[in-house]
Amino acid sequence: MPELPEVEVVRRGLDRWTTGRTIASAEVLHPRSVRRHAPGPADFAGRLAGRTVLAPRRRGKYLWLPLTAPDGTADEAVLAHLGMSGQLLVGEPDREREKHLRVRIAFADGGRDLRFVDQRTFGHLMVTDLVPDAVGGGKGPGLVPEPIVHIAADPLEDAFDAEAFFRALRRRKTGIKRALLDQSLISGVGNIYADEALWRARLHWARPTDTMTRAEAARVLEGAQDVMEAALAVGGTSFDSLYVDVNGDSGYFERSLDAYGRRDQPCRRCGTPIRRDEFMNRSSFSCPVCQPRPRRMR
DNA sequence: ACCGCAACCTGTACGC
DNA sequence: TGCGTACAGGTTGCGG
């Protein structure tokens, strides 16, 4: 459940169900799911046993569970990325094993367990150090997992710097959608919400960023913030059972999408059929009238 | 240093 | 029913 609102839905579920609990054991059923944990699956499991999990945090599409050190502070975390099809599910330990169960974490209290289920295995978990945050001049989470220090703040964080984002856009020689999908410029935005933000901002995906105005950048940013907050309010976007919260329930935002997946359906602003373009080996949906092609494409 | 694309996987939907 | 093709919401790593 890849984009920011869906990951935030999961974070909130974990906050309720795993915070303050002590891990009894972890079981890695598919090594690919911990491939970014360099010391390997056995080390991954060994590092979790006996640790207490603190309140989950998120930046963009990354989620992490801080782990307590002997003195009670957090120095490490379990970092999770759901990729295209990852799910973090919480439920009774004796329930059936999911077909694509990759990692199972059991708690010392014997209650609900935490499962990482991932059909396509693009997602991953790892145990990593927490290091001082690089963004936002101290307004960020304070400590962040080392592997994601290069990720930009997401637009729902206080630490997000709109002016810095604008300057970065102007420096780049690329199109606005590519920039929105670049997690080092702005994190949390994926293919769905990029299309939705651009529809709201009335900008074409290929609009070159090096000539964008402050007003255009502000429109895109506001579009992204508004659409992701609206999606979050109804549990995120899900087209099928692959994108669910920790209890396995789907969100309702699909019905509110204005551009994504609406090929040939009337634009909700002007009635013109929405077009689909090929872009980066995937799809881009936009209104041909509200979002006219720029003279120079990127 | 930057940009853009191919690769990594499994499953589903659809046309013939 | 079966087969082939296209497509799916993400990131990394490599070539240019």
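Letters A, B, ... are given to chains in the order of the sequence lines, protein chains preceding strands, and every chain is numbered from 1. Nothing here was measured: the structure is a model prediction, and the numbers come from that model.
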* Asked: salt bridge (Lys or Arg N to Asp or Glu O under 4.0 Å) with Glu254(A): which residues, sequence neighbours excluded?
  ->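 Not a single residue meets the salt bridge (Lys or Arg N to Asp or Glu O under 4.0 Å) criterion with Glu254(A).
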* To do: Please say whether the positively charged group of Arg268(A), taken as NZ for Lys or CZ for Arg, lies over the ring of Trp199(A), i.e. under 6.0 angstrom from the six-membered ring centre and within 45 degrees of the axis.
  =>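 Because its charged atom misses either the 6.0 Å distance or the 45° angle limit, Arg268(A) does not stack over Trp199(A).
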Tell me whether the side-chain N/O atoms of [X] come closer than 4.0 Å to OP1 or OP2 in [N].
| X | N | answer |
| --- | --- | --- |
| His81(A) | dT12(C) | no |
| Lys99(A) | dG11(B) | yes |
| Tyr193(A) | dG9(C) | no |
| Ser283(A) | dA8(C) | yes |

* Of Asp118(A), Val28(A), Leu125(A), which is the lone residue that meets side chain to side chain contact (heavy atoms under 4.5 Å, CB included) with Arg102(A)? -> Asp118(A)
* **P-based separation of dC3(B) from dG9(C) [nearest Å]** =>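 Those two atoms are separated by 23 Å.
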* What distance, rounded to whole Å, do you find between the two P atoms, one in dG11(B) and one in dT11(C)? -> 22 Å
Round to a whole Å and report the spacing from [atom1] of [X] to [atom2] of [N].
| X | N | atom1 | atom2 | value |
| --- | --- | --- | --- | --- |
| Glu6(A) | dG9(C) | CD | P | 12 Å |
| Asp245(A) | dG9(C) | CG | P | 21 Å |
| Asn191(A) | dT11(C) | CG | C1' | 13 Å |
| Glu3(A) | dG9(C) | CD | P | 8 Å |
| His100(A) | dG11(B) | NE2 | C1' | 7 Å |
| Leu82(A) | dT11(C) | CG | P | 10 Å |
| Ile192(A) | dA8(C) | CD1 | P | 11 Å |
| Glu254(A) | dG9(C) | CD | P | 13 Å |

* Asked: With a non-hydrogen cut-off below 4.0 angstrom, is Tyr62(A) in contact with a base, only sugar-phosphate, or nothing?
  -> sugar-phosphate
* Indicate, with a heavy-atom threshold strictly under 4.0 Å, whether Arg35(A) touches base, sugar-phosphate, or nothing. =>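 Arg35(A): no heavy atom of the nucleic acid under 4.0 Å.
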* Scan nucleotides 3-9 of chain B nucleotide by nucleotide, 5' to 3', and note B when protein non-hydrogen atoms come under 4.0 Å of the base, S if they reach only the sugar-phosphate, - if neither. => SSSS-BB
* Asked: DNA chain C: Lys61(A) or Arg263(A), which has the more 5' nearest nucleotide?
  ->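 That would be Arg263(A).
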* Do the side chains of Gln87(A) and Arg115(A) get nearer than 4.5 Å, heavy atoms only? ->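 Result no, sub-4.5 Å side-chain heavy-atom pair not found.
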Judged by atom type as modelled, is there a donor-acceptor pair below 3.5 Å linking the side chain of [X] to the main-chain atoms of [Y]?
| X | Y | value |
| --- | --- | --- |
| Arg219(A) | Arg200(A) | no |
| Thr22(A) | Ala108(A) | no |
| Gln225(A) | Pro155(A) | yes |

* Asked: Crowded around Glu222(A) CD? As in, over 12 foreign heavy atoms under 6.0 Å?
  ->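 Counting other residues, nucleotides and ligands, CD of Glu222(A) stays at 12 neighbours or fewer.
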* To do: Before accepting this row, confirm whether a basic side-chain N of the pair Asp113(A)/Arg95(A) lies closer than 4.0 Å to the acidic partner's carboxylate O.
  =>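 Counted as a salt bridge, because a side-chain N and a carboxylate O are separated by less than 4.0 Å.
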* Asked: Would you call Asp182(A) and Arg178(A) a salt bridge, taking side-chain N to carboxylate O under 4.0 Å as the test?
  ->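 Result for this pair is no, no salt bridge flagged.
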* To do: Starting at the 5' end of DNA chain B, write a dot or bracket for each base, bracketing those in Watson-Crick or G-U wobble pairs whose two distances are under 3.5 Å and using | for partners on another strand.
  => .|||||||.|||||||
